[in-house]
A.B. asks: 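Let me begin by handing over the structure; questions about it come next.
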Amino acid sequence: VVYTPAVGSGNVEYDKAIELGLDIHSYPEYLGIISREKKTIAVSGTNGKTTTTTMTAEVLHHLGLDPTVIVGGVMKAFDTNYVDGNSDLFVVEACEYKESFLSLVPDILLLTNITPDHLDYFGTYENYKAVFVKLIKNMESGSTLICSKQDQELQDVIRAAQEKEIQILDYTTISKPKLKIPGKHNVMNAQGALAVSHAVGLDVQIAREYLQESFQGSKRRFQLVGTTEQGIEVYDDYAHNPEALETLVRGLQEQDQKRAVVLIFQPHLFSRTKDLFNEFVAALSLADQVLLLPIYQAREEDTGDMSSIILSEGMKLANPSCSVDVATGLEDAVSIFKSYKLPKNSIVLTVGAGDVYTMGPMLIQ
């Protein structure tokens, strides 16, 4: 029996498995079992994990290496989050929450970035950064770390890798591909995937051509849902922390400064919204119009000290000219959206880690 760390004692299936004395492992533990049997390429970091893992998986598959792949989102090219490969390669999205990825022993670790997240568990940003150093200490001498050597938030990780005589490959030295998907962050994600290609001895130019022409991406990563009756495109994206939000909006603005960005955002977790309140205010204020859904509480209890109303008030206090509304739920959000008089060159984004993705089809009906 394999269970998610989101459940435990009190879950009827978990408790029954214990009662029956079954062989039981947490999901991270089971990934570790697979990892020990194969050459592991782990992709980790605060943002960009799913997209970068998907890029890596598609490239390696295209170039004939046939890896086993486990990703935290559905890969469009395979229509699944799991690919059962026949080679000794294992490509896995390595999640840091609750130190889950410490069960892995990466032969190649691609680290995208480190920014504050999951402070409900780690408490402080320093504690959060320290878990990535722990992952480095799991690795063997002679293995490979792929990252940006210039990233100041990664310096402790880089020093730990140097102490263990782990090879360090700077993905920023890889020539930038020209992608069809927007955003500098996706270019960096692609550079990381190309660096993996280089590390396993593949032709980087062929890999680059594939990403430029054929990369299909993951569901809920800037995924086109459809077009409204007014001809406005609606996209869905998983961005659930301030940096991901900022990167998403700025990427669209760099692509077309005249295009109005409408952000329908569902905050995920009371603790994350509270811990990164000012950062959320700044990121959300970049959009031309913001519509907030109630906070998706997931595993947390509502203590009453944080809400989307409080978040909207913070936005108005920081920027009195910002345009923000708060909905009571999905249906109310659809009604509010229908009242907007949006220019036809607008782009609408349903964003967040909860059930906000169900709004897209409602908007295009």
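For the numbers below, each heavy atom of this structure counts, side chains included, while hydrogens, waters and symmetry mates do not.
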A.B. asks: Do the side-chain N and O atoms of Gln150 and Thr172 include a donor-acceptor pair separated by under 3.5 angstrom?
C.D. replies: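 Side chains of Gln150 and Thr172: pair found under 3.5 Å.
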
A.B. asks: For atom OH of Tyr30, is the number of surrounding heavy atoms from other residues, nucleotides or ligands below 6.0 Å larger than 12?
C.D. replies: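 No - once you tally the heavy atoms of other residues, nucleotides and ligands closer than 6.0 Å, there are 12 at most.
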
A.B. asks: Check Ser175 against Arg208 and note the closest heavy-atom contact, atom names and distance.
C.D. replies: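 Closest pair (atom of Ser175, atom of Arg208, distance): O-NH2, 3.1 Å.
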
A.B. asks: Between Phe265 and Phe280, what is the ring plane arrangement, given parallel below 30°, perpendicular above 60°, and tilted in between?
C.D. replies: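 Because their plane-to-plane angle lies in the 30° to 60° range, the rings of Phe265 and Phe280 count as tilted.
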
A.B. asks: Is the gap between the ring centers of Tyr3 and His25 under 6.0 Å?
C.D. replies: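 No, the ring centres sit 6.0 Å or more apart.
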
A.B. asks: Under a 4.0 Å N-O cut-off, is there an ion pair linking Glu19 with Lys16?
C.D. replies: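 Salt bridge: yes.
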
A.B. asks: Could you tell me whether Tyr97 and Phe101 have their ring centroids closer than 6.0 angstrom?
C.D. replies: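 Judged by ring-centre distance (under 6.0 Å), Tyr97 and Phe101 do not meet the cut-off.
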
A.B. asks: In terms of side-chain geometry, is the basic nitrogen of Lys49 or Glu96 positioned less than 4.0 Å from the acidic oxygen of its partner?
C.D. replies: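 Answer for the salt bridge query: yes.
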
A.B. asks: Stepwise, does the side chain to side chain contact (heavy atoms under 4.5 Å, CB included) test hold for Ile70 with Tyr27?
C.D. replies: CA-CA 11 Å; Ile70 299 181; Tyr27 174 66; 3.1 Å; yes

A.B. asks: Taking all non-hydrogen atoms of both residues into account, name the closest pair between Val59 and Ala207 and its distance.
C.D. replies: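 Scanning both residues completely, I find the closest heavy atoms to be CG1-CB, 3.5 Å.
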
A.B. asks: Suppose the criterion is side chain to side chain donor-acceptor pair (under 3.5 Å): which pairs have a residue in residues 132-141, not counting sequence neighbours?
C.D. replies: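 Listed once each, the pairs are Glu99-Lys134.
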
A.B. asks: Sorted by first residue and then second, give each salt bridge (Lys or Arg N to Asp or Glu O under 4.0 Å) pair with at least one member in residues 347-357; sequence neighbours left out.
C.D. replies: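 Salt bridge (Lys or Arg N to Asp or Glu O under 4.0 Å) check on residues 347-357 returns no pairs.
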
A.B. asks: Would Tyr340 and Ser346 count as having a side-chain donor-acceptor pair, cut-off 3.5 Å?
C.D. replies: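 Ser346 and Tyr340 do not have a side-chain donor-acceptor pair below 3.5 Å.
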
A.B. asks: Would you say NZ of Lys98 has more than 12 non-hydrogen atoms from neighbouring residues, nucleotides or ligands within 6.0 angstrom?
C.D. replies: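 Yes - once you tally the heavy atoms of other residues, nucleotides and ligands closer than 6.0 Å, there are more than 12.
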
A.B. asks: Can you find a heavy atom in the side chain of Arg272 that is under 4.5 Å from one in the side chain of His118?
C.D. replies: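 Yes, side chains in contact.
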
A.B. asks: Check Ile146 against Gly192 and note the closest heavy-atom contact, atom names and distance.
C.D. replies: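 Reported closest heavy-atom pair: CG2-O, 4.4 Å.
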
A.B. asks: May I ask you to establish whether Lys129 and Tyr125 are in a cation-pi arrangement, using a distance under 6.0 Å from NZ or CZ to the six-membered ring centre and at most 45° from the ring axis?
C.D. replies: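 Yes; both conditions hold, so Lys129 lies above the ring face of Tyr125.
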
A.B. asks: Provide the closest heavy-atom pair for Asp275 versus Asp120 in the form atom of the first, atom of the second, distance.
C.D. replies: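 Closest heavy-atom pair between Asp275 and Asp120: OD2-N, 3.9 Å.
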
A.B. asks: Any link between Tyr238 and Phe215 through a network of hydrophobic side chains (Ile, Leu, Val, Met, Phe, Trp, Tyr) touching at under 4.5 Å?
C.D. replies: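 Hydrophobic grouping puts Tyr238 apart from Phe215.
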
A.B. asks: Does anything in residues 227-236 form a salt bridge (Lys or Arg N to Asp or Glu O under 4.0 Å)? List the pairs, not counting sequence neighbours.
C.D. replies: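 Sorted result for residues 227-236: Arg220-Asp236, Glu233-Arg259.
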
